[in-house]
Amino acid sequence: MHRRTLLAAALAGAVVTPALTSGTARAADPGPSVTRTGTTTLDGQAIFFVSYDGLVNNNAFQKNGLLTYKGYQYAVWYTADRNAVVGRRALGASTWSTVKVGHSLRYNDSHNVISMGVSKVDGRLHLNMDSHSDGFTYVKSVAGLLDNPGGLSWTTSRFGAPQSTLDGLALTSQFTYPQFISTPEGRLQLSYRVAVSGNGRNALAEYDGTKWTNLGEWSSSTGTYSSEHGSSTARNMYLHGIDYDRNGRLHSLFTWREQNGAVMCNGGGITNHDTGYVYSDDRGRTWRNNAGTVVGVTGGSDKVSVTDAGLVVDPLNPDHSLMNQESQWTDSAGRPHAIISYVPGRFGQCTTNYVANRTANGRAFLVRKSSSGPWQKTEIPVPLNSSQRTKLVMDKYNNAYAIFPFGRIAAASAASGHTDWRILFDGSGLNAFGEVVIDETRVAQDGVLSFMYQEKSSGTTPSALHVIDFRLPA
């Protein structure tokens, strides 16, 4: 079916509903749908500069740049004058209240994002910001601020002074990619990378409501990886995500990036290869491969390594410009899913220009663990038209939604095995620059897909930053 036909069906509000199986008593679960319910403006003049093909306020790997907790939504960004701010609104409200947290963006580097986390054990909001292979800035709110948002004023005085440590805990002088994760017990964990791209390790810290503890590193940068072109002895693991399911299992899908470009067919590509998977049943202390074999211990001598067996769930050599840090989700049964993207072999077996080749021929794929155990992969028939990342969410019926660059939304039903992809929203009128930041927490709480996007601009001319909301099937 042609894309124009897909769009026409989507704009007409058509929803694919799986037919009932003969003898089935209950109605079938609804298929995917989105209903746009509103757009709000966070900042009419947010900072704008393009770095690493992205924006500092809208890098899809932020976790979380937008989150929902106890009836309020929170957002973080940098203003045109480089101030780090936090906004909040009651769900459904059209305006945001904003506070500065006492920090200014240091460099025009789009990796220096702001990430938020909630320690449910004491109701604090935590921010980690402005870090790319160097130090970070950390700010936390007073206890209980998120537990009583209607009763406590939203002012700068509710936040502590910016710190270069986690309440005195120094982690590493080369810190990147903060990702906060709430544990099932209400503690807060911080995932981060130690060292640099192509030669780094993943690590975890944990906050228990009283203090931060460094749990240590859990992935390795050492070992030899060889392709048909050459070998590399250093790398880093890039996470597509790190998330607890409802049963308390911690999942992470990932790709490796090699330090040595000799593993590629051409220097214009990128050394990312393979999609791997690990999980932990003890809050990130011990890591297992897809078969359940222990492959790493956080803080121990045995770390998850490129040479470990059973990690790869979708093999791909470094010749196809595979994206790192794309997206993952766990469904209602605790099965992990990820969106990955690269240039398929039908467009050639050697990418020579990472940005140009991905923009011209890149495609996204849903990689998922089936109910019977094996991993499956389905191509999403929507051209990327961008070098950037696509995000994944799933509604309560396990329908899958891919949010592409420029705010386009495609979806597939659980009933089809996530094979009947179609466009539901084509991004018309958004004027979005590229990647979007998803509110991962809101989908489960009230069935609304919210994402933050920034309008296109040029040079360093500031532009508007918005949050758009879509109602998912009830």
Side-chain angles (χ1 to χ4, degrees), residues 1-22 24 26-34 240-241 245 251 253 274-275 277 290 312-316 320 322-323 326-347 361-386 389-405 408-427 438 443 449 470 472-473:
M1 184 182 290
H2 294 296
R3 184 171 184 269
R4 181 174 298 175
T5 307
L6 291 172
L7 283 173
L11 295 175
V15 175
V16 175
T17 303
L20 289 174
T21 302
S22 178
T24 301
R26 68 177 184 84
D29 289 339
S33 65
V34 295
H240 291 307
D245 66 24
H251 303 263
L253 286 117
D274 295 323
T275 298
Y277 169 70
N290 186 56
V312 175
V313 297
D314 187 65
L316 188 71
H320 294 275
L322 175 67
M323 175 55 79
E326 197 125 22
S327 190
Q328 73 171 40
W329 199 272
T330 54
D331 67 17
S332 63
R335 293 184 294 263
H337 299 63
I339 283 185
I340 64 173
S341 64
Y342 58 89
V343 178
R346 66 178 181 272
F347 297 109
N361 296 314
R363 297 293 187 274
F365 299 80
L366 182 69
V367 176
R368 62 203 182 279
K369 191 168 187 177
S370 67
S371 57
S372 59
W375 289 78
Q376 301 173 336
K377 182 168 71 171
T378 302
E379 181 174 339
I380 304 173
V382 179
L384 293 182
N385 298 328
S386 168
R389 296 171 180 86
T390 298
K391 296 295 290 183
L392 172 67
V393 303
M394 301 183 79
D395 65 24
K396 67 180 183 179
Y397 302 107
N398 292 331
N399 300 311
Y401 300 77
I403 301 88
F404 285 86
R408 299 166 293 159
I409 303 173
S413 68
S416 73
H418 302 118
T419 59
D420 58 351
W421 289 95
R422 60 195 183 94
I423 293 177
L424 300 183
F425 179 71
D426 67 0
I438 302 295
V443 174
L449 167 61
F470 297 88
L472 301 178

With side chain to side chain contact (heavy atoms under 4.5 Å, CB included) as the test, would you mind laying out the steps for Leu366 and Trp421 before giving the verdict?
CA-CA 10 Å; Leu366 182 69; Trp421 289 95; 4.0 Å; yes
Step by step, would you call Leu449 with Ile403 a side chain to side chain contact (heavy atoms under 4.5 Å, CB included)?
CA-CA 10 Å; Leu449 167 61; Ile403 301 88; 4.2 Å; yes
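The CD1 atom of Ile409 lies 12.0 Å from the OG1 atom of Thr390; values are rounded to the nearest 0.5 Å. Note that the CZ atom of Phe404 and the CD1 atom of Ile380 stand 4.5 Å from one another [nearest 0.5 Å]. The line from OG of Ser341 to CZ of Arg389 is 9.0 Å long, rounded to the nearest 0.5 Å. Atom OG1 of Thr378 sits about 9.0 Å away from atom NE2 of His418, to the nearest 0.5 Å. Going from atom CG of Leu253 over to atom CD1 of Ile339 covers 12.0 Å, rounded to the nearest 0.5 Å.
Listed for the Asp420 side chain is a donor-acceptor partner under 3.5 Å among the backbone atoms of Ser413. Under a 3.5 Å cut-off, the side chain of Asn399 and the backbone N or O of Asp29 do not form any donor-acceptor pair. Arg408 places a side-chain N or O within 3.5 Å of a backbone atom of Leu384 that can act as its donor or acceptor partner. With Tyr401 contributing its side chain and Lys391 its backbone, the two residues share no donor-acceptor pair below 3.5 Å. With hydrogens and angles disregarded, a donor-acceptor distance shorter than 3.5 Å links the side chain of Gln328 to the backbone of His251.
Ser371 pairs by the side chain to side chain contact (heavy atoms under 4.5 Å, CB included) definition with Arg335, not counting sequence neighbours.
Here the closest heavy-atom approach between residue His337 and residue Arg368 is recorded as CD2-CB, 3.2 Å.
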